[in-house]
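Below, each value reflects all heavy atoms present in this structure, side chains not excepted, and no hydrogens, waters or symmetry copies.
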Amino acid sequence: MEDNKLMGTVTVSDRAVMQIASNAAKSCSGVMGMSEKTRAGGAVRAVSGKSTAGVYIRKTKSGVSLEVYIACGYGADTKELSETVRDKVKASFDWTGITIKEVSVHINDVR
């Protein structure tokens with residue numbers, strides 16, 4: 001019987017990581033869409049479609065940290081929503097083998 005060892009490497013692009021995180025965030029009830037990171041005082045820009053906008057990645061030796069920028073619905077419980085988004089984004093990487101060290105959720109728009 002042959003030994004079932006993994007041969008070779010699998011590389012997941014930054015863009016794919018950001019798309020996984022974006023799709024997971026958008027699937028959460030209360031998330032109206034993704035939004036852009038802005039400078040202080042800058043206008044918030046809505047993001048639509050299959051974009052990686054609204055997700056920023058930072059890689060370190062201990063894993064990957066993500067910043068996720070979302071727009072929430074009016075009246076949403078922002079604490080609960082941010083926890084839900086964080087947990088869903090982190091769980092969406094279980095099948096990839098990528099260690100997500102931290103997910104920071106930023107709510108910078110209400111629709």
Side-chain angles (χ1 to χ4, degrees):
M1 182 176 225
E2 285 187 29
D3 194 22
N4 291 330
K5 291 183 181 178
L6 179 63
M7 303 298 278
T9 60
V10 176
T11 303
V12 180
S13 72
D14 289 355
R15 182 173 173 77
V17 168
M18 292 185 287
Q19 285 176 329
I20 292 167
S22 176
N23 289 338
K26 289 187 283 190
S27 74
C28 295
S29 178
V31 174
M32 305 308 289
M34 304 302 290
S35 60
E36 285 283 353
K37 181 177 183 177
T38 61
R39 287 186 244 155
V44 174
R45 186 172 72 99
V47 178
S48 61
K50 292 187 176 189
S51 172
T52 58
V55 179
Y56 299 87
I57 186 170
R58 185 174 60 251
K59 293 185 274 184
T60 65
K61 290 180 183 178
S62 60
V64 174
S65 295
L66 300 172
E67 287 187 50
V68 179
Y69 288 79
I70 63 170
C72 71
Y74 179 77
D77 180 337
T78 56
K79 182 177 188 270
E80 183 179 322
L81 180 59
S82 62
E83 290 171 357
T84 300
V85 170
R86 183 188 66 234
D87 294 344
K88 181 99 178 209
V89 167
K90 202 164 189 178
S92 69
F93 287 91
D94 288 347
W95 61 274
T96 65
I98 297 170
T99 302
I100 302 298
K101 184 175 81 171
E102 176 184 27
V103 177
S104 299
V105 178
H106 304 272
I107 301 171
N108 64 352
D109 194 11
V110 178
R111 298 183 192 157

In chain order, what residues pass the ring-ring contact (aromatic ring centres under 6.0 Å, His included) check against Tyr56, with sequence neighbours excluded?
-> Tyr69
State which residues pass side-chain contact (heavy atoms from CB on, under 4.5 Å) with Ser13; sequence neighbours excluded, sorted by chain then number.
-> Arg15, Ala16
In Å and rounded to the nearest 0.5 Å, what is the CG to CE distance from Asn108 to Met34?
-> 9.5 Å
Could you grab the distance from atom NZ of Lys26 to atom CD1 of Ile70, nearest 0.5 Å is fine?
-> 12.5 Å
Can you list every pair that meets salt bridge (charged side-chain N to carboxylate O under 4.0 Å, His left out) and has a residue in residues 84-103, with sequence neighbours left out?
-> Arg58-Glu102
In terms of hydrophobic clusters joined by side-chain contacts under 4.5 Å, are Val31 and Val110 together?
-> no
To the nearest 0.5 Å, atom CD1 of Ile100 lies from atom CD1 of Ile20 at 8.5 Å
Shortest non-hydrogen separation from Val55 to Ala21 and the atoms involved | CG1-CB, 3.9 Å
What side-chain donor-acceptor pairs closer than 3.5 Å can you find for residues 73-81, not counting sequence neighbours?
from: Asp77; atom 1: OD1; to: Lys79; atom 2: N; distance (Å): 3.2
from: Asp77; atom 1: OD1; to: Glu80; atom 2: N; distance (Å): 3.2
from: Lys79; atom 1: NZ; to: Glu83; atom 2: OE2; distance (Å): 3.2

Gap between atom CG of Leu66 and atom OG of Ser22 - 0.5 Å precision | 11.0 Å
Taking all heavy atoms of Met32 and all of Cys72, pick out the closest pair and write down the distance.
-> CG-C, 3.4 Å
